Amino acid sequence: MKELLELFISFLRVGMFGYGGGSAVAPLIHKEAVEKRGWINDDEFIDIVAIANSLPGASMVEMSTAVGYKIKGILGGIVAAFSITLPSMIAFTIVMVFLNDLVSEEVLNAVTVPVLAVVAALMFSLSKKFFIQSKKELSLVVIVLVSIASFLLIYFLGIHPSLVIIAMVAYVFISQVLRGKKI
Amino acid sequence: MIWRLVLEILMIVFFTFGGGAVFIPMFEKTLVESLGIFTPVTYTSIIAVVNSLPGVTGGKIASYAGFFSYGWIGFILASLAFIVPGIIMMVVAYKFVNRMKQSRIMKDISLYIKPIVVGIFLSIIVKFLDLSIQGLGWIEGIVIFVVAFYLLDQKKVQPILVIIMAIIYGVIKINI
């Protein structure tokens, strides 16, 4: 019961301050689930981000489900997924119904734009951490090449992250088959 | 009619490789063109607000469409239709990945997944930096980014605190 309550509080917090949607919310989940509560470690976190990016549907729902599921099974997954989504859905509906005439788009924009710069900084800090961790496992050249290739494909060619991940999985699979290793 | 909306939301969530940027045009097709719940003008004003509030982009649009057409019952059904598929897909995928965890192939995949996730993050970082520079100008956009990075990375300030600081900064700026 204590863990369910903690899942509820943590993911409620992420949902209420999760600007940008999708993977942009991953650093806040990292803060709660890895750093504060220690529910998962960095490797499990990366797995969860990658799985959520490879699946159809909303990444925020999926990332929170995985953390909750690991801690408290299906019930934990359900609590985490609803805590991260429902409050912002209710808040949005209330804003649209009651406050839409009071709040202008310019005002909302003026508040959002600085927040996006902060979310970018948040993601940059976490990327730096993963970059350093990755140096223990791969050579610097490979890390730079893979991360830059992944960035270029997604940002400039508009390729969905799921396809980049699938391509990498296919590459690993084929290279192992060619080398005749037992999978 | 309410089941039509629920079904359409289910279809979108189960078959769309997500992200708000993908959900917005998908929901426009469904909610404006096929179901006629919103007029094009209303939908545009919804999108203007949806990106300025925290939370799941597609979920906010879906649940509001539910409320707009069928009240709180519509809100509940639309929300469920949006959230439940993600829970099911993730539990299945998570179990599968963990069962494979000890295999050779998974060990190699987890080696390369970190730099790929870094690349995914970089694409969002550049997009958001671009948006904030467009809205604030070069100097202000970069200064906020650098100061925020210093506070988060070097000073280990709580992320939510820095986000609140940015909101306050935005509010103060409008009122000057």
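Please read all numbers here as calculations on a predicted model, not as lab measurements.
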The test is side chain to side chain contact (heavy atoms under 4.5 Å, CB included); show your working for A/Phe173 and B/Ile109 and say whether it passes.
CA-CA 9 Å; A/Phe173 185 77; B/Ile109 288 170; over 6 Å; no
Using non-hydrogen atoms and a 4.5 Å limit, figure out which bit of A/Val49 sits close to chain B: side chain, backbone, both or neither.
side chain
What part of A/Ala91 lies closer than 4.5 angstrom to a heavy atom of chain B: side chain, backbone, both or neither?
neither
Mind ranking B/Ser52, B/Gly135, B/Ala62 by heavy-atom pairs under 4.5 Å with chain A and telling me who comes out on top?
B/Ser52
Taking side chain as C-beta onward, heavy atoms only, is B/Ile87 less than 4.5 Å from A/Val61?
yes
Considering only heavy atoms and a distance below 4.5 Å, find which of B/Val118, B/Ile116, B/Ile46 pairs most often with chain A.
B/Ile116
Tell me, out of B/Val126, B/Thr57, B/Ile172, who's got the most heavy-atom pairs with chain A below 4.5 Å.
B/Val126
Heavy-atom distance under 4.5 Å to chain B: side chain of A/Leu138, backbone, both or neither?
side chain
Chain B contact via A/Lys129 - which portion, at a heavy-atom distance below 4.5 Å
neither
Nearest heavy-atom approach of B/Tyr64 to A/Thr93 is CA-OG1, 3.8 Å
Stepwise side chain to side chain contact (heavy atoms under 4.5 Å, CB included) test for A/Lys31 and B/Ile160:
CA-CA 10 Å; A/Lys31 190 83 199 175; B/Ile160 289 175; over 6 Å; no
Chain B heavy atoms under 4.5 Å from A/Met60: which part of the residue, side chain, backbone, both or neither?
side chain
Residue from A/Phe131, A/Phe156, A/Phe82 scoring the most non-hydrogen pairs under 4.5 Å with chain B is A/Phe82
Quick one, B/Lys101 and A/Asp47 - any side-chain contact, counting heavy atoms below 4.5 Å?
yes
When you compare the side chain of A/Met123 with that of B/Leu122, does any pair of heavy atoms fall below 4.5 Å?
no
Counting N and O atoms only, with roles assigned by atom type, does the side chain of B/Ser123 sit under 3.5 Å from a partner on the main chain of A/Tyr155, one being a donor and the other an acceptor?
no
If one checks every heavy atom of A/Val142 against chain B at 4.5 Å, the contacting part turns out to be side chain
Shorter than 4.5 Å, heavy atoms on both sides: which option in B/Gly119, B/Ser79, B/Gly170 has the most such pairs with chain A?
B/Gly119
Against chain B, work out which of A/Val107, A/Thr65, A/Ile148, A/Leu163 has the most heavy-atom pairs shorter than 4.5 Å and name it.
A/Thr65
Is it the backbone or the side chain of A/Leu108 that comes under 4.5 Å from a heavy atom of chain B, or both, or neither?
both
Which portion of A/Asp43 sits near chain B, non-hydrogen atoms under 4.5 angstrom
side chain
Against chain B, label A/Val144 side chain, backbone, both or neither, depending on which of its atoms sit under 4.5 Å from a heavy atom there.
neither
Most contact-rich option vs chain B, by heavy-atom pairs under 4.5 angstrom, among A/Ala149, A/Ala117, A/Ser162, A/Ser175, is A/Ala117
Pick one of side chain, backbone, both or neither for A/Leu145, based on which atoms fall under 4.5 Å of a heavy atom in chain B.
neither
What option among A/Val25, A/Leu152, A/Ile74, A/Val97 has the most heavy-atom pairs under 4.5 Å with chain B?
A/Val97
May I ask you to check whether over 12 heavy atoms, not counting those of A/Phe92, lie within 6.0 Å of atom CZ?
yes
Check the orientation of B/Phe121 and A/Phe130. Use parallel for under 30°, tilted for 30 to 60°, and perpendicular for over 60°.
tilted
Heavy-atom contact with chain B under 4.5 Å, split by part of A/Thr112:
side chain
Side chain, backbone, both or neither of A/Phe124 within contact of chain B (heavy atoms, under 4.5 Å):
both
Region of A/Leu153 in contact with chain B, defined by heavy-atom distances below 4.5 Å
neither
Hey, is NZ on B/Lys95 packed in by over 12 heavy atoms from elsewhere, all under 6.0 Å?
no
Within-4.5 Å side-chain heavy-atom neighbours: A/Leu86 and B/Phe75:
yes
Between B/Val56 and A/Ser88, what is the shortest heavy-atom contact and its length?
N-OG, 3.9 Å
